[in-house]
Amino acid sequence: MARSARIGVVGATGAVGTVTLALLRERGYENVRAFASARSAGRMLGDLQVEEATPEALSAGELDVCLFSVGTSASRDLVPHAVSGGAIAVDKSSAYRLQDGVPLVVPEVNGDRVAEHDGIVANPNCCTIPLTMALKPLHDAAGLARVRLSTYQSMSGAGAGRMEELRATPSAEAHLGMDWDFDGEDFEEESKLRGETRKILELPELPISVTCVRVPVLVGHTEAI
Ligand SMILES: NC(=O)c1ccc[n+]([C@@H]2O[C@H](COP(=O)([O-])OP(=O)(O)OC[C@H]3O[C@@H](n4cnc5c(N)ncnc54)[C@H](OP(=O)(O)O)[C@@H]3O)[C@@H](O)[C@H]2O)c1
């Protein structure tokens, strides 16, 4: 991406957005704007003043790329406005990941798929990304018969608020958790990992069994594959 690109970081005050802004700064992007909800509008993040991510601001045609990390429901509301204003939206939520016609991209695994976008590029779950990076070369070399996966996911994956809660919890009171909605068979995170992995590897029938656990660790997921 050209260093002169006009970039909107939407969700700039969150766990993901904070890191996104730091990486853009480190890599020399200067034409960056920070967006979040009305709750944070006006707040300063370094030398950037947070703007409210309204449909009008996002669709005004003043952004080339929008990096969204606002959660699934806010992404469903806001991403189409950025696209209608001419921006390419890269969305980190699960809103568009399994939608037909939306590329779900891990650059090292299926980076060539990114060109097929129609305005939206989806970014996979934080555990799907390293999982597919480990599986793709194995599949190319030998073929995958089935996958069995256990994850031990840190609190960073649940957002800045949950990280603050963990910081304030005495370690003897911090627990493991099944942190996601249960549909009677799988926790939501487990179905996401299965569906996303099948889409990225283009192996729609691949048998994948998954168990996900939240662990009381601030940052750093583990996967046993
Ligand atoms: N954390 C991870 O490692 C990780 C990894 C992969 C994917 N994701 C996904 O990325 C998304 C964000 O995760 P996060 O961990 O960064 O969450 P977070 O720490 O809770 O931050 C959420 C961000 O979204 C903003 N926001 C919430 N509702 C909004 C709205 N209606 N309009 C505009 N901005 C809104 C918040 O702004 P305010 O400060 O104004 O509330 C905040 O900047 C989620 O979909 C998550 O599943 C996270």
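In what follows, residues are counted from 1 in the order of the sequence shown. Both counts, for ligands and for their atoms, begin at 1 and track the order of listing.
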Just go through [options] and tell me whose heavy atom is the nearest to [atom].
| atom | options | result |
| --- | --- | --- |
| atom 37 (O) of ligand 1 | V70, V16, V10, T13 | T13 |
| atom 11 (C) of ligand 1 | G71, A34, G11 | G71 |
| atom 32 (N) of ligand 1 | L45, T20, L78 | L78 |
| atom 34 (N) of ligand 1 | S37, P124, S69 | S37 |

the protein heavy atom lying closest to atom 1 (N) of ligand 1 turns out to be S156 O, 2.8 Å
Per-atom filter on ligand 1: closer than 4.0 angstrom to a heavy atom of G157 are 1 (N), 2 (C), 3 (O)
For A160, the ligand 1 atoms with a heavy-atom partner under 4.0 Å come out as 18 (P), 19 (O)
- [ ] Would you confirm whether T132, through its side chain, and T128, through its main-chain N or O, come within 3.5 Å as a donor-acceptor pair?
- [x] yes
### Within-cut-off N or O pair, G161 and ligand 1, under 3.5 Å
no
query = Mind checking whether R97 has an N or O less than 3.5 Å away from an N or O of ligand 1?
reply = no
Quiz item: Is there at least one protein heavy-atom neighbour under 4.0 Å from atom 30 (C) of ligand 1?
Solution: yes
Item checked: atom 47 (O) of ligand 1: any protein heavy atom closer than 4.0 Å -> no
